[in-house]
Amino acid sequence: MLRQQDVGHRIVVRRIVGIRDGRPLFSDALGELVELTETHLTLATGQGRLRVPVAEVHRAKRVPPARRPTAPAVIELELASDEAWPAADRGRLGDWLLRAAAGWSGRANSALPVGDPDRPLPAALDAVERWYADRGQPALVNTPLPLAAPVGAELDARGWGSRPPVLVQTVALAAVPPAAPAAAGSPLVELAAAPSDGWLEIAAGRKGGLPDAARHVLTAVGRVRFAHVYADGTLVAIGRGTVTGQGRWLGLSLIEVLPEARRRGLAGRVVRALVDWAVTEGATHAFLQVEQRNTPAVALYRRLGFTTHHTYRTRVAPPT
């Protein structure tokens, strides 16, 4: 049988779903184990969330992870993410994207090497370095893995550094569990088409300031909502959701709860509110980026059904 160490891993479950002619009937389910209790186990499957009573489980075991995503799948998701976090200053090298936003956030200030740069790789990276030097910014390259592994190898040879790995996680919106019932008097999640001053203040505290370029990144998306949660008139939690990628993808970012309001389920309720909004917009899946070392956030998103689609590293040019 399964153990708590299996939570977060891919499993297959054979369960008893009935009896015919004195023999048990079985059904198999494959997905990520997101919860295991003494009475139930819960899987995030391709068809949605499945809760199975332990009494019905005939056999269950961990299985190898799903195959790596295809290159087109990684490119689709990376481009949807770029739409959701748009830098105002942009350029191109063939298919590669060059992005700058006054240094605010790595994603908005890095080259995205997906597709063909329309020149040899060394020449492409030389052009990246010149583009950022012209703007007085350090050159950064966001390398989705394993897709951009050849780019990473060339950057290694050039002595580029690396920021901590980031998990790009996804979930089918139908698999996100409903929010826990709110107690009487609990604060509600309010969604707005624009961020309030308080929302921007919390975001600035998390991101180390909020220049004009940052405001463009946050608001210059056609379909966007800003979640606000107030307690006794004080803003205690925020979140941001966008719908991009030809309407398929809900992008989640800046899910933040102030320290004094944590452990009340507010982050999960913010995500749920943004999921409900995205469903009305026709989206079917959600994505987010979270640093691998941010274990509390990774655990939260695992409980919500998110699994890792691919990873990336932001590579940093050596000092000149």
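The structure displayed is predicted, hence computed values, not measured ones. Counting from 1, the numbers follow the sequence of the chain as shown.
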Check step by step if side chain to side chain contact (heavy atoms under 4.5 Å, CB included) holds for Ile238 and Val229. CA-CA 6 Å; Ile238 65 170; Val229 181; over 6 Å; no

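- There is no path of hydrophobic side-chain contacts, each under 4.5 Å, that joins Val17 to Leu50.
- Considering every non-hydrogen atom in both Arg158 and Pro122, the closest pair reads NH2-O, 2.9 Å.
- A donor-acceptor contact under 3.5 angstrom links the side chains of Ser105 and Trp85, judged on distance only.
- Here His310 contributes atom NE2 and Leu167 contributes atom CG; the two are 10.0 Å apart, rounded to the nearest 0.5 Å.
- In this structure the side chain of Asp118 never reaches within 4.5 angstrom of the side chain of Leu93, judged on heavy atoms.
- Once rounded to the nearest 0.5 Å, the distance linking CG of Leu252 with OG1 of Thr170 reads 11.5 Å.
- Thr42 places no side-chain N or O within 3.5 Å of a backbone atom of Arg51 that could act as its donor or acceptor partner.
- Side-chain contact between Lys61 and Ile11: absent, with no pair of heavy atoms (C-beta onward) separated by less than 4.5 Å.
- By the criterion of side-chain heavy atoms lying less than 4.5 angstrom apart, applied directly or through intervening Ile, Leu, Val, Met, Phe, Trp or Tyr residues, Val290 is not grouped with Val168; the two fall into different hydrophobic clusters.
- Under the 4.5 Å side-chain criterion, counting only non-hydrogen atoms from C-beta, Trp160 is in contact with Val141.
- Classification of Arg248 and Glu76 as a salt-bridged pair holds, one side-chain N sitting under 4.0 Å from a carboxylate O.
- In this structure the side chain of Val224 reaches within 4.5 angstrom of the side chain of Arg240, judged on heavy atoms.
- Ion pairing between Asp82 and Arg99 holds under the 4.0 Å rule for side-chain N and carboxylate O.
- Relative ring orientation between Phe226 and Trp199 is described as perpendicular, the plane-to-plane angle rising above 60° on a 0-90° scale split at 30° and 60°.
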Step by step, work out the salt bridge (Lys or Arg N to Asp or Glu O under 4.0 Å) result for Asp126 and Arg119. CA-CA 11 Å; Asp126 290 344; Arg119 66 202 71 193; over 6 Å; no

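- Trp277 has its side chain within reach of Arg223: a pair of non-hydrogen atoms, C-beta onward, lies under 4.5 Å apart.
- Asp95 places no side-chain N or O within donor-acceptor distance of the main-chain N or O of Gly115, the cut-off being under 3.5 Å.
- A side-chain donor-acceptor contact under 3.5 Å links Tyr132 to the backbone of Ala111.
- Heavy atoms from other residues, nucleotides or ligands lying under 6.0 Å from CZ of Arg20 number 12 at most.
- No single ILVMFWY cluster, assembled from side-chain heavy atoms under 4.5 Å apart, contains both Val243 and Leu218.
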Given salt bridge (Lys or Arg N to Asp or Glu O under 4.0 Å), test Arg225 with Glu281 step by step and report yes or no. CA-CA 11 Å; Arg225 288 295 182 271; Glu281 294 289 317; 5.1 Å; no

Run the numbers on Val52 and His40 for side chain to side chain contact (heavy atoms under 4.5 Å, CB included), then give the verdict. CA-CA 6 Å; Val52 181; His40 288 80; over 6 Å; no

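- Shortest non-hydrogen contact noted between Thr242 and Ala84 is OG1-CB, 3.1 Å.
- Counting only heavy atoms from C-beta outward, the side chains of Leu235 and Ser196 approach each other to under 4.5 Å.
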Decide yes or no on side chain to side chain contact (heavy atoms under 4.5 Å, CB included) for Arg90 and Leu97, but give the supporting numbers first. CA-CA 7 Å; Arg90 305 173 69 85; Leu97 301 179; 4.0 Å; yes

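- For the pair Arg135 and Trp131, the cation sits on the ring face: its NZ or CZ lies under 6.0 Å from the ring centre, inside 45° of the axis.
- Nearest heavy atoms, Leu254 versus Ala203: CD1-CB, 4.3 Å.
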Go through Phe287 and Leu77 one step at a time and tell me if the side chain to side chain contact (heavy atoms under 4.5 Å, CB included) criterion holds. CA-CA 8 Å; Phe287 73 87; Leu77 187 47; 3.7 Å; yes

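- The minimum heavy-atom distance between Ser81 and Arg107, with the atom names listed, is OG-NH1, 4.2 Å.
- Residues Leu200 and Leu258 share a single hydrophobic cluster, defined by chaining ILVMFWY side chains whose heavy atoms lie under 4.5 Å apart.
- Arg62 CZ: more than 12 foreign heavy atoms inside a 6.0 Å radius.
- Judged by distance alone, with hydrogens and angles left aside, the side-chain atoms of Arg206 form a donor-acceptor pair with the main-chain N or O of Ile255 at under 3.5 Å.
- Put simply, the side chain of Arg272 gets close to the backbone of Pro177: a donor and an acceptor are under 3.5 Å apart.
- Across every non-hydrogen atom of Asn109 and Ala102, the tightest pair is OD1-N, 3.6 Å.
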Could you go step by step and tell me if Asp28 and Arg15 meet the salt bridge (Lys or Arg N to Asp or Glu O under 4.0 Å) rule? CA-CA 6 Å; Asp28 292 340; Arg15 58 187 178 126; over 6 Å; no

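- Here the straight-line distance linking atom OG of Ser110 with atom CG of Leu140 works out to 6.0 Å at 0.5 Å rounding.
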Give the intermediate values and the outcome of side-chain hydrogen bond (donor to acceptor under 3.5 Å, both in side chains) for residues Thr311 and Gln292. CA-CA 9 Å; Thr311 63; Gln292 188 175 50; over 6 Å; no

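- Counting heavy atoms from C-beta on, the side chains of Glu291 and Val298 never come closer than 4.5 Å.
- Side chains of Glu83 and Trp249: a donor-acceptor N/O pair is absent below 3.5 angstrom, by distance only.
- Here the CG atom belonging to Leu288 is positioned 11.5 Å from the CG atom belonging to Leu274, to the nearest 0.5 angstrom.
- A donor-acceptor pair under 3.5 Å links the side-chain atoms of Gln4 to the main chain of Leu36, judged by distance alone.
- Under a 4.0 Å N-O distance rule, the pair Glu256/Arg262 qualifies as a salt bridge.
- Pairing each heavy atom of Trp104 with each of Pro211, the nearest pair is CD1-CD, 3.6 Å.
- A donor-acceptor contact closer than 3.5 angstrom is absent between the side chains of Thr143 and Arg313.
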Derivation of the salt bridge (Lys or Arg N to Asp or Glu O under 4.0 Å) call for Arg130 and Asp134: CA-CA 6 Å; Arg130 288 194 298 271; Asp134 288 345; over 6 Å; no

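- The aromatic ring centres of Phe26 and His58 sit less than 6.0 Å apart.
- For the pair Glu78 and Leu112, the minimum side-chain heavy-atom distance is below 4.5 Å.
- Atom CZ in Arg59 sits 12.5 Å away from atom CG in Leu2 (nearest 0.5 Å).
- Note on Ile202 and Val236: separate hydrophobic clusters, where clusters join Ile, Leu, Val, Met, Phe, Trp and Tyr whose side-chain heavy atoms are under 4.5 Å apart, directly or indirectly.
- Of the inter-residue distances, the one linking Gln169 atom CD with Thr308 atom OG1 reads 4.0 Å to the nearest 0.5 angstrom.
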